[in-house]
There are 2 protein chains.
Amino acid sequence: MSHHQRLLDSLRQAGHRLTPQREMILAIIGESQTHLTAKAILQRVRARYPHINKSAIYRTLDLLTRLGLVNPTDLGHGQIEYEIRQRPFHHHLICHNCGKITRVDESLFASLDRKLRDEYGFAADLCHFAIFGLCAKCQARTTPTRTRRTK
Amino acid sequence: MSHHQRLLDSLRQAGHRLTPQREMILAIIGESQTHLTAKAILQRVRARYPHINKSAIYRTLDLLTRLGLVNPTDLGHGQIEYEIRQRPFHHHLICHNCGKITRVDESLFASLDRKLRDEYGFAADLCHFAIFGLCAKCQARTTPTRTRRTK
DNA sequence: ATCCTTATTGCGACTAGTTGCAACAACAGA
DNA sequence: TCTGTTGTTGCAACTAGTCGCAATAAGGAT
């Protein structure tokens, strides 16, 4: 079953309506292989359905997030980026200095997840983390003199 | 040494100028015991220095963050909240359903930090995390029927 | 095929935060 | 104390995202 079809079904099954706007949005998210910003989605939907409003995009994205169908991630680019939620989950290491983004596997968070459940009874949503820090290269470069501004 | 003084010194030592605007902002952050939003800081500075502009607030907050003096955290309230960076660090568990926020100790992240260093050479900035999920109470309440909207 | 309920839309106004630029003012050096 | 450099400010315009509301239209029921 295609992503698109799966998204449509989940939406209907959860009792939500299937509007043409939502179908377009789902189609675009479903066929995308990468992260998409709300703006990118808006532009692509507009290409085929010029009248759509940005509110519909944001509201649909919000709905899909609440249903656990997409993951919003703040990669530090000033906009939130969305992608289909799919196992295995992955997270992102983002270098403050050079901006390099490294994908890491969800397994990294297994022990944290266990601790949160055991000690706090908290069911964490550990499926779309952005972890900021310094990559190996930038540590070497910036450690000696880290006083001056980075940006 | 007071927080205020320590912040002033760090700023000067890093080669930045000490403007009246910055002094006010630092004083307010230094004497606050809780998270502060940019808006709250702006209002409090305005009380004594009416002419200050929001850009100065945001730019100073940004600078302090880059210098590692304050931590910005998105607690899901629609604004970023800032607080003095102080050991021991703490993180926040935020319940998607009821909004309850639980403080947890930084020790929770020790093994993750180690793994990131060992496996990726990545020096993560694990000092101000917001982890979303479901608290124990809300898990019990929402697990049986989790189809309908939460918001 | 039609009707009814109510979820969803477009719209416009709003909030949070960012940015480029000209004017200003710290502060190092003389 | 004065001066010059350049970091910092206020401003205004901008971007991302949210919200209330009236109009619209999905989709279940008849």
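Chain A is the first sequence line, chain B the second, and so forth, proteins listed ahead of strands; every chain is numbered from 1. A quick note: this is a predicted structure, and the numbers were derived from the prediction, not measured.
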Find the distance B/Leu18:CG to D/dT6:P and express it as a whole number of Å.
20 Å
From the options C/dG17, C/dA7, D/dG10, select the nucleotide whose nearest atom is closest to the side chain of B/Tyr49.
D/dG10
At under 4.0 Å, does any side-chain N or O of A/His51 touch on OP1 or OP2 of C/dC11?
yes
Without decimals, in angstroms, what is the distance between B/Asp74 CG and C/dT15 C1'?
14 Å
Out of C/dG17, C/dT9, C/dG10, which has the shortest distance to the side chain of B/Ile80?
C/dG17
Between A/Arg117 and A/Asp113, does any side-chain N to carboxylate O distance fall below 4.0 Å?
yes
Please compare B/Gln21 and A/Ala56 by the position of their nearest nucleotide in DNA chain C and report the one closer to 5'.
A/Ala56
Taking only side-chain N and O atoms of A/His16, does any of them lie within less than 4.0 angstrom of OP1 or OP2 on C/dA7?
no
Return the value, rounded to whole Å, for the distance between atom NZ of A/Lys39 and atom P of D/dC14.
14 Å
CG of B/Asn53 versus P of D/dA12: gap in Å, rounded?
9 Å
I want to verify a distance call: between C/dG10, C/dA16, D/dG27, whose nearest atom is closest to the A/Ile52 side chain?
C/dG10
Could you check which of C/dA13, C/dC11, D/dT9 has an atom nearest any side-chain atom of A/Lys54?
C/dA13
Atom-to-atom span, CG of A/Leu42 to P of D/dT15 - whole angstrom
13 Å
Rounded to whole angstrom units, what separation is found between the CG atom of A/Leu61 and the C1' atom of D/dT18?
14 Å
Rounded to whole Å, NE2 of B/His77 lies from P of D/dC19 at a distance of 13 Å
Taking only N and O in the side chain of A/Arg17, is any of them less than 4.0 Å away from OP1 or OP2 of D/dA25?
no
Side chain of B/Ala38, heavy atoms from C-beta onward: which of C/dG17, D/dA26, D/dG17 has the nearest atom to it?
C/dG17
Please step through ring-ring contact (aromatic ring centres under 6.0 Å, His included) for the pair A/His77 and A/His35, ending with a clear verdict.
CA-CA 12 Å; A/His77 295 154; A/His35 300 199; 8.7 Å; no
Side chain of B/Arg22, heavy atoms from C-beta onward: which of D/dG17, C/dA28, D/dT8 has the nearest atom to it?
D/dT8
Output the rounded distance in Å from CZ (B/Arg59) to P (D/dG10).
8 Å
Are OP1 or OP2 of D/dT18 and a side-chain N or O of A/Tyr58 less than 4.0 angstrom apart?
no
From B/Ile29 atom CD1 to B/His4 atom NE2, the distance as rounded to the nearest 0.5 Å:
10.0 Å
Would you check if the side chain of B/Arg59 reaches a backbone N or O of B/Leu63 as a donor-acceptor pair within less than 3.5 Å?
no
For B/His90 and B/Glu83, test the side chains for any donor-to-acceptor distance below 3.5 angstrom and give the result as yes or no.
yes
Ignoring backbone atoms, establish whether B/Thr19 has a side-chain N or O less than 4.0 Å from OP1 or OP2 of C/dA26.
no
Which atom names give the shortest non-hydrogen contact between B/Leu7 and B/Leu69, and what distance separates them?
CD2-CB, 3.8 Å
Can a donor-acceptor pair under 3.5 Å be found between the side-chain atoms of B/Ser55 and the base atoms of C/dT18?
no
